[in-house]
Protein chains: 2
Amino acid sequence: MTARLRAIGQLRAAGKRLTPERELLLEILASNPHLDAMEIHRIARKEEPRISLATVYRTLSLFEELGVVRACGLGEAHAHYEVRHDDHLHLVCSECGRIIDLPSPVPLRKLAESEGFRIERIRLELIGLCDACAKKRDAKSGKDA
Amino acid sequence: MTARLRAIGQLRAAGKRLTPERELLLEILASNPHLDAMEIHRIARKEEPRISLATVYRTLSLFEELGVVRACGLGEAHAHYEVRHDDHLHLVCSECGRIIDLPSPVPLRKLAESEGFRIERIRLELIGLCDACAKKRDAKSGKDA
DNA sequence: ATGGCTGCAAACACTTTGCATCGGC
DNA sequence: GCCGATGCAAAGTGTTTGCAGCCAT
């Protein structure tokens, strides 16, 4: 419940309007841990049959921008392929798209298996800036400021 | 180089044909760590201008099936949304789709930052079977066998 | 009342599929 | 020669965008 009110505050703070559609989507998101856009639309239609899928996407993207929700399960929107090898970490640079492989030194399997979870595949991506891009960005923001 | 030969063996073992297109894609994959289908197609065209994007997709999907390559950056092909909270691990059940959240107890930030990588966001998914589905599958395979 | 928000539909990007032809086995 | 693999183009998905009207502020 609190999450919903906080989100409304964030909307107003950003000078955005609070529409019935946004309230509805907020409510749906707050009470469902993991949904994709289509599912959200389907649920929303029950309450508000005229709501469009475009609005769902626009609203989700707004919410993500405001930090209300987070998108997961999607990296750069399409698949990359690599020759198969063991579990590893990907360091994905959100600036230049560079992908750095690391062998996984963390005890993930043990961790998950303590939950009774049987791991088939590990996918870990740390999204951020590689050394070079971080420095570039620092230099630029120094200029801009 | 060995990877290429092993892949050819896997093709033959699976009763699949070794075509120039497949050889070419294998070569490209072996010498490039991370490519998407379009990039692979673009590179392949330099060598074999008549190769089609459809063949690239079909071949990648075959290779993935054979375990020659692995697709990454794609989960269930589209994004899921959840109300934002701190970094966490997702345990994704590949059977029932259930997603279990865990607070992240692993020192990922430290690890990546030692590479000079500045993390903006952590995404970790351990794909496998949750306790219930693992047991269900065990029971079934016991029956099948 | 005015500008942001909406629905609708068309556009988009990536991937898959149907069909006739081609070529590895 | 047979059947699988290919190229081409069209269809399919999930997502984004242009536009005219609408409604929260």
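Computed over heavy atoms, backbone and side chain alike; hydrogens, waters and symmetry mates excluded. Proteins get letters first, then strands, A, B, ... in listed order; numbering begins at 1 in each.
- Looking at heavy atoms from C-beta onward, A:E21 lies out of side-chain contact with A:T59 at the 4.5 angstrom threshold.
- For B:T55, whose side chain is taken as the heavy atoms from C-beta onward, the closest listed nucleotide among C:dG7, D:dT6, C:dC25 is D:dT6.
- In this structure, A:R22 reaches the C:dT6 phosphate: one of its side-chain N or O atoms is under 4.0 Å from OP1 or OP2.
- Dashed line: the shortest gap from a side-chain N or O of A:T19 to OP1 or OP2 of C:dT6 is under 4.0 Å.
- Where B:A54 and A:E48 meet DNA chain C, the nucleotide closest to each residue was compared, and A:E48 sits on the side nearer the 5' end.
- Projected onto DNA chain D by closest heavy-atom contact, B:R17 and B:L53 fall at different nucleotides, the more 5' of which corresponds to B:R17.
- Rounding to the nearest 0.5 Å places CZ of A:R50 at 8.0 Å from CD of A:E48.
- In this structure, CD1 of B:I8 is placed 14 Å from C1' of C:dG24, rounded to the nearest angstrom.
- The side chain of A:R58 approaches C:dT6 more closely than any other nucleotide in the set C:dC14, C:dG18, C:dT6.
- Remark: P of C:dT16 and CE of B:M38 are 12 Å apart, rounded to the nearest angstrom.
- The two residues A:A37 and A:V56 have their closest heavy-atom pair at O-CG1, 3.7 Å.
- Atom pair B:L24:CG and D:dG7:P shows a separation of 10 Å (rounding to whole Å applied).
- The residue among B:P49 and B:G15 whose nearest nucleotide of DNA chain D is located toward the 5' end is B:G15.
- To the nearest 0.5 angstrom, B:H41 atom NE2 is 9.0 Å from B:L25 atom CG.
- Rounded to whole Å, atom P of C:dC14 lies 12 Å from atom CZ of B:R42.
- Separating the NZ atom of B:K16 from the P atom of C:dG24 is a distance of 17 Å, rounded to the nearest angstrom.
- Computed from coordinates, the B:R50 CZ to D:dT6 P distance equals 13 Å when rounded to whole Å.
- A:L66 has its CG atom 10 Å from the P atom of C:dC5, to the nearest Å.
- To the nearest 0.5 Å, the span separating CZ on B:R42 from CG on B:D36 amounts to 8.5 Å.
- Distance A:I51 CD1 to D:dC22 C1': 15 Å, rounded to the nearest Å.
- Checking D:dG7, C:dT6, D:dT17 against every side-chain atom of B:E21, the shortest atom distance belongs to D:dG7.
- Residue A:R12 has a polar side-chain atom (N or O) positioned under 4.0 Å from OP1 or OP2 of D:dT25.
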